[in-house]
Amino acid sequence: MSETLVRIDDLKVHFPIKSGLLFDRTLGYVYAVDGVSLEIRRGETYGLVGESGCGKSTLGRGLLRLVEPTSGEITFDGVDVRSLKGEQLRLFRRRMQMVFQDPMSSLDPRQSVDSLLVEGLKAHDRHRDKAGVRARLRSTLDSVGLPASALSKYPHEFSGGQRQRIGIARALVLGPELIVADEPVSALDVSIQAQVINLLGDLQESLGLTYLVIAHDLAVVRHISDTIGVMYLGSLVEEAQGDQLYERPLHPYTRALLSAVPIPDPRVEDRRERILLAGDLPSPANPPSGCRFRTRCPWSQPRCTAERPELRIFDDSGQRVACHFTAEILTGELRPHEVRAELVHPDEGRTPEVGSELIVTRTDLPTP
Amino acid sequence: AKSDRDSGTEVKSTGGTFIFAGAGDPKNFDPIFNDDGESFRPIRQLYDTLVTHKPGTADLTGGLAESWENDPTGKVWTFKLRQGVKFHDGTALDATAVCANFDRWYNMKGEAAQSQMIYYTDIFGGFAGSPDALYDNCKASDAATAVLTLKKYKGAFPGAFALTAFSIASPAALKQYDADTVTQNGDSFAYSSFANEHPTGTGAFTFGGWNKATGEITLNRNPDYWGDKAKVDKMIIKVIKDENTRKQELRAGTVQAIDFPAPADRKALASEGYKVLDRPAFNILYLGINQKNNPKLKDLRVRQAIAYALNRAQLVQTKGPGGSAVADEFLPNTVLGYATDVQKYAYDVAKAKQLLADAGATGLTLNFYYPTEVSRPYMPNPQEIFTVLANDLQAAGIKVNGVPRPWNGGFKDDVQQFGKQDLHILGWTGDYNDPGNFVGTFFGRGKVEFGDQAMTEMFDAIGKADATVDQSAKKAAFEQVNRDLATKWLPAVPIWHAPPAVVTTKNVAGLVPSPLTAEQFNTVSLTK
Amino acid sequence: MSGIEALADHKRRRIEELIARTADAGGVSLVRDAGRRLLRNPTAIVGGTIIVLFLIVAIFAPLVAPHDPVQRFPELIKDLTVDTIPGATAGHPLGSDPLGRDFASRMIFGARQTLFVGVLATLIGLLLGVLLGAVAGAVGGWIDVLIMRFTDVMLALPSLLLAITLVALASRSTQWTVIIAVAVVNVPIFARLLRGSMLAQRGSDHVLAARALGVKPRNIVLRHMLPNSLTAVIVQATLTFAVAILDAAALSFLGLGDPDINRAEWGLMLGVDGVRYFEVRPELAYFPALAIIVVALGFTLLGEAIREALDPKNRR
Amino acid sequence: MPLLDVRDLSVVFQRKGAEPVRAADGVSFTVEPGQTVGLVGESGCGKSVTSLAIMGLLPRRGNRVTGEVLFDDTDLLTLRPSDLRDRRGRDIGMIFQDPLSSLNPVIPLGVQVAEVLERHRGRSRQAALREARGLLDAVGIPDPARRLKEFPHQLSGGMRQRALIAIALACKPRLLIADEPTTALDVTIQAQILTLLKELVDDSGTALVMITHDLGVVAGLCDTVNVMYAGKVVERAGRHQLFGEPRHPYTEGLLQSVPRLDVDRGGRLHQIRGSVTDNIPWSAGCAFAPRCDRVIDDCIGDTVPLEPTFRGGALRCTNPVPTEVPA
Amino acid sequence: MVRVISRRLIQLVATVLALMTLVFFWLRSLPGGPVDALLGERATPQTRELLTRALGYDQPIWVQYGRFLKNVVTGNFGNSIRTGEPVTAVIGRAFPATVELAVAAIIIAIGLGIPLGYLAARHRGRLLDNATIIVTLIGISIPIFFLGYLLKDWLTQGIHVFPPSGRISTGLDNTDVTGLFVLDGLLTREFDASADALWHLVLPAFTLATIPLAIIIRITRASVLDVLDEDYIRTADAKGLRNATIRKRHVLRNALLPVVTTIGLQTGALLAGAVLTEKVYNWGGLGTLITDSISGGRDYPVLQALILLAAVVFIVVNLVVDLSYAIIDPRVRVQ
Ligand SMILES: Nc1ncnc2c1ncn2[C@@H]1O[C@H](COP(=O)(O)OP(=O)(O)OP(=O)(O)O)[C@@H](O)[C@H]1O
Ligand SMILES: Nc1ncnc2c1ncn2[C@@H]1O[C@H](COP(=O)(O)OP(=O)(O)OP(=O)(O)O)[C@@H](O)[C@H]1O
Ligand SMILES: [Mg+2]
Ligand SMILES: [Mg+2]
């Protein structure tokens, strides 16, 4: 067992929903991350899966303090990250980096690869030694499998996979210990995906990196993660070693998720039993009481409405699960029942709102 | 003087509606509260003055008073009133009514009202209680004789009695419609219903209404008019502010006469068969010289140099409206006291340069103020005039620093109140036939405009001339003043007299243009 | 060893060649890429040509113009009266203007003055707007609210009305009054545009990435948010130029324009002399009007083309 | 007789000042009544273009479509536009990838379902709406009566996709073309939709063309699978065949490069070098050649033809992956 | 809905108040000012002083501001310096004139703009489209006062197709009910007056409509093209709907959404354009009033009220447009 690099304790990130007459007022919150605790050990890969909108990215960003957590604790290598202020925090960022989902939008289209990479060095005042910088850029590019000639090019001149490599190189250039990779492959073509996944693995091996990999593709997560956390509507519902999770999913949601993933093998597919979940993920602005999953859970019981289950260690395998009836479901004592889909209206905050501006300025219109 | 108006010849109405395009909105129709031509145009049709001008001239003739007399002190004026004249409300015009008007003006209450009686303050000095007030009393010695007593002689009379502002209104109507109430509201004033809806005079037309939405003032023929009854049934004064639009409306046949055509349009209109009627010039444009800010300008030679530097003949040729002429004096030649033998400053750059050199004023730089956003009969296009004059001055080695100011947004203030300029262009349209109204107004006392406080000799000479009761002596005195103005004082340089025109369609007859723009339209008839 | 490396040399080279042909040429920034697309766009070419010609005339006016634009010529004055303006004569291809100046030279120098007014009005508006917008977008919070409410106040009056009001309320009337009035009108537009764009940038991944790198906030604003927000502003500025000279002409027409009629500026020439002497000599209106239309058209076309070129929808 | 017979379908996009793009190049496949046919391939390989060309839905300008699309022995490509309109929605239904943008945002859902019935079944608005309610219910949208009056933005992604399916199946078409119907959805929702599709197709005997880039989706759903690369079908086989014994190096590479949930292969994944943009023109040989591990000299030169395999499939490769049973 | 309206109204009041305060202090800091404006050429220093006192300009600025605010709040804007009438009356008279003109212009702009824009989009890249684009480009590049001037010169001089200026023939003596002459004629059954007013309206309305028309054409065209590219149009096509149905039900409605916003913004352009158009055609509306209040003597009370009115109209129209947007676009929820 290696040491813990990151500890997250009861992390909450709530986004205020604002509106107001002259000045904005908070009307409610989007409970994007609502009490997550986890640990990531040095050198391991922690995979985070869950449906869209369940708060994975927010958790990752909250961890890096790219969004300000509402409450909770983050400890990175013994440092209390949440207490870091301004310049302290900025300098601390060197140790934790991020790789983004969309390799195009996360690279400033106006900067050449060179300046993209140098930027981080500049920020940490490591760009004085010109020769050293060159060498560093070269070796970094090399480590992500790009030729040195890439330096003078611009992001849009690369293919998706190459762009993602640039994104990874940018994260690597400062020599971080932790990399949060937010859906690093989901925007990539299937044939490219493997390249990036392999690259991440290679880099971890050679540099001893620690990863928090966020993805919605369970297969990918399973492939690269040592530990997998399953998120649902802002909280962690289950956490286990990769194989363990696949072999013995405890939480009803995990079970459903696993059974839903299509497998490119007709023989397997033909034999599979599916647990079909009814309905959609509820809005994080208005989460159900008690167990967040109860509205879709085929095993839900009255208790689930009243009481929110804690994430607790289930047995000595270390597997953690947040369900009141884990044991009963596992033994088959509790039988699944029919669930009526509850209608979920899509995210309220996203509808375009009219009326905030006194006068709209469509500036593409000439005036007389 | 004696009236020579022949009354009684009854001319029958030719009928029809005569539409005249004016250039701006009137303010109201109470004569005493007005001072601008656009208000006076309808007022002149609605009212009469005691003394008036012979059509087409600035010469005085009898109005409501058939004759008038001045006593030797010049303080007492006796008016013999015309008999049988009735106001539009049916009341009779008599001496009591005339005196009621003088009393009304003198006793006007309230700063609001008083501040709007521009002509009255100017001519009569002030109101009841003011030491400067000229008015003493007015008595009706009989129904047909009004005797006005002033505190002292003033050269402006009798000409000033012909001022439209001093038109005689019906005392009954004034009272009934609360004419003296001028209320202040915000930054301005509201006038009585007399002034707006019920103007009641003795004029050839009665008030038909003012449609502000369409800018039409309707005047109806007064069948009981004491003089020549109007030939048209109705007259409409249509307000069209844009000179170009006035011309187009004339061409479209929707109006029969337009005032103040653009100088550039005169030729075209004349060639198209419209009647372009020039008014005899009764105005003056001058280049003012302010001696205060630049000491060099106190030197007569420098001022003369400026006069020589200006190619006024060329200005008149290129920019002068039709019929305009170079001005050598500050008053038109029809006015009493015009001297035929003043020094003329013909264009002579060499001389200008020489004079400047003599005065040690080479390399002179002058701030030349000129107005924008305005067009006046004597100054149809100030920007062009400035440009040409500045050009001339530059050619003589005077550096000109042009300072444009909006007419109402700073020009008048800067020039007349604060005297910020070294040079400026400004002008004047005479109100009545009296030299005092021209040179007296400009140079009769020290004014900020000219910064000439020290020229007491000039003030005294003008003051004396103005106070001369005897007309021929007065004439001689003013002739001398004009000569001295040109040679000795030269506080400003006269530029031109520019007669404003009136244009009518071919079928309009009988319109007699007045130098004072004081046309009366009862003589107008429409032919087929 | 497998794959193309294992192929015969000539085949491999052939493949590489073929790939290279379908792939992008290297080393071009987005801006240059947009530039290339611009050059292929006929709209841009027409607009660009107009503007280049205009610029050339403006810059080399003293060389192109036959005469001094403010000099009055005796040979022109000779026949000049208030209702006759001489037409073309020897040495004066377009004849005289109302003051006996060479009209052709004034038209040519007009390019220069018009450029001056347009460019300055645009630049001043741009500068102030960008400043306000950048501060609002970068600082946020109360300052943002304050600045936005301030732009509301300015936007509450339609642009030309605001310009008219500003000129009317200006204590002096000079060419600068006009330039500033026309410029100020655009300040809130630029400010809003930039702020909106900066806010969008603020939430974007590449700004987040820069923050994650620990880039100083000031540098994030200056190197990421601002440059990426400026494109919209630049497009707007191009279009604003056209509007600016039209506004200046409108002010002249209303009698609120540049009071110095010695200055040869198309808007002024059209709004003052052109209208006043239209019947005497319509060319005085037609030429400046045509010049304005063509140049405004040029800038509008170019602006639209730039917008199109920068639009990611049109990228390849 | 196949229900749909696509023969040598090519689509070339021609844009001013740009090289013509051969988005689909000689695509041929057939769909038997009631059969489910898969069309898989990576982004940009021409799947959507092919399906749109079949439906005659490509933008009218800037492209050239050649070949034949025989539906019931009628060539849809040469059909009069109005006749084609009569068939669309009635004989062939289609669902698209992004359910939000594929529904008109300003028209109530009910009308959007009803109008297709009004058009092809001649129903009155009232009757059509009543029927629409049943349809929404059938695709598993809760409280369908209320949904009829709602607008697309008021529904979640999964519900929208259900609505689209209801529209496509409203007239009980004989063929349904589904273009990546689940790509925009979460896995749990994807499972719902796929299950629903399968049920509906099975119940009604509708033939289905399933377009997807997810090999897993076709593995569970299709009878025959066509693998496309750079505008061409490179391999066709029954699904067991295809997943069991892929012949084309590209198919094989794909299968090996995706991580699988059920087996932890551990370590490195197989990877295909380069990227899809590393193409060479088809006329110069196999487009996949630059990325191919099995490339040989013959791969470069002439167009490689799509040749039938003895097991009823087809293959376009000069150096295919060997099988136990020699071809 | 109520929230948005109240929010916007509060904003409106705050904005307008700020605007008025700015204008007030600016005006007071000017040379000349109302005193100067009220006095003609013949003013003596004496009258000047009388007037300064009468108007209370000798009082401290805060007192003046307080009085000004009180007046504004009570809807009293004082009297016009030029005409002496209450400002409200002056504006009340001019307002319908501009409304009439602006409404006619917007009717022309919408009535022609949307069909033309739609046609251009349908004929994309063809002659009609290109011609429309060129004409609209010229439409927004031409100084509109000059266009008005030309139209007037061509159509009212020599050949007198239209009357050169004004809102109604002189001396027609129409009855004024609403101030909208065309409407008044219908209301009072003075149909000749109605026709005459309409006849006067044609040229100014077309002149004023030029820019909005050009813009609406362009926006409609672009918007239709955008909508035609939308996925839901493809869906509609896939449903086999008839072309006419698609056009009417699916394309037009969506394509008009951006046009609505544009129309709101064009009110601003109309107000500004009215200043020029009304000057060209001597149209006694707000535009003329603005020019007159500035050039004809710095009529500050009128000017202040006009600024206020323009701001309120512009903002309110935008509010109405936003609200109507919320009605036609179900996606937009007014919170
Ligand atoms: N800046 C923000 N302001 C308000 N709400 C936010 C913000 N960022 C995210 N949210 C909301 O928080 C919730 C969780 O978002 P998050 O991006 O973390 O989800 P996710 O699991 O990463 O989903 P996906 O798979 O789609 O990326 C969502 O409902 C989202 O709308
Ligand atoms: N209108 C068009 N004009 C030009 N090229 C086009 C057009 N539509 C598609 N293409 C090109 O045709 C090729 C095939 O596109 P298509 O949309 O069919 O891919 P796809 O297989 O459906 O991919 P995805 O999985 O991303 O949907 C792409 O290279 C694309 O760039
Ligand atoms: Mg995410
Ligand atoms: Mg597709």
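These numbers come from a predicted model, not from an experiment. Chain identifiers are assigned alphabetically (A, B, ...) following the order of the sequence lines, protein sequences preceding nucleic acid strands; residue numbering begins at 1 within each chain.
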Could you look at D/Leu100 and say if it's the side chain, the backbone, both or neither that has a heavy atom under 4.5 Å from chain E? neither
If you count heavy-atom pairs within less than 4.5 Å of chain D, which of E/Val227, E/Leu241, E/Asn243 leads? E/Leu241
E/His250-D/Glu115 side chain donor-acceptor pair, cut-off 3.5 Å: yes
Can a salt bridge be assigned to the pair D/Glu150 and D/Arg146 using a cut-off of 4.0 Å between side-chain N and carboxylate O? yes
Chain E: which of D/Ser102, D/Pro108, D/Gly89 shares the most heavy-atom pairs with it under 4.5 Å? D/Ser102
Is the shortest distance from a Lys or Arg side-chain nitrogen in D/Asp72 or D/Arg174 to a carboxylate oxygen in the other one below 4.0 Å? yes
Could you check E/Arg124, E/Arg221, E/Arg218 and say which one makes a salt bridge (charged side-chain N to carboxylate O under 4.0 Å, His left out) with E/Asp129? E/Arg221
Of E/Ala238, E/Ala236, E/Gly125, the largest count of non-hydrogen pairs under 4.5 angstrom with chain D goes to E/Ala238
Contacting moiety of D/Leu164, where chain E heavy atoms sit under 4.5 Å: side chain
Shorter than 4.5 Å, heavy atoms on both sides: which option in E/Asn254, E/Asp229, E/Thr245 has the most such pairs with chain D? E/Asn254
Between D/Arg147 and D/Gln154, do the side chains contain an N or O donor and an N or O acceptor separated by less than 3.5 Å? no
Is D/Leu103 in contact with chain E via its backbone, its side chain, both, or neither, using a 4.5 Å heavy-atom distance? backbone
Donor-acceptor under 3.5 Å (D/Glu131 side chain, D/Ala114 main chain): no
Residue part contacting chain D, namely of E/Leu228, when any heavy atom lies under 4.5 Å: neither
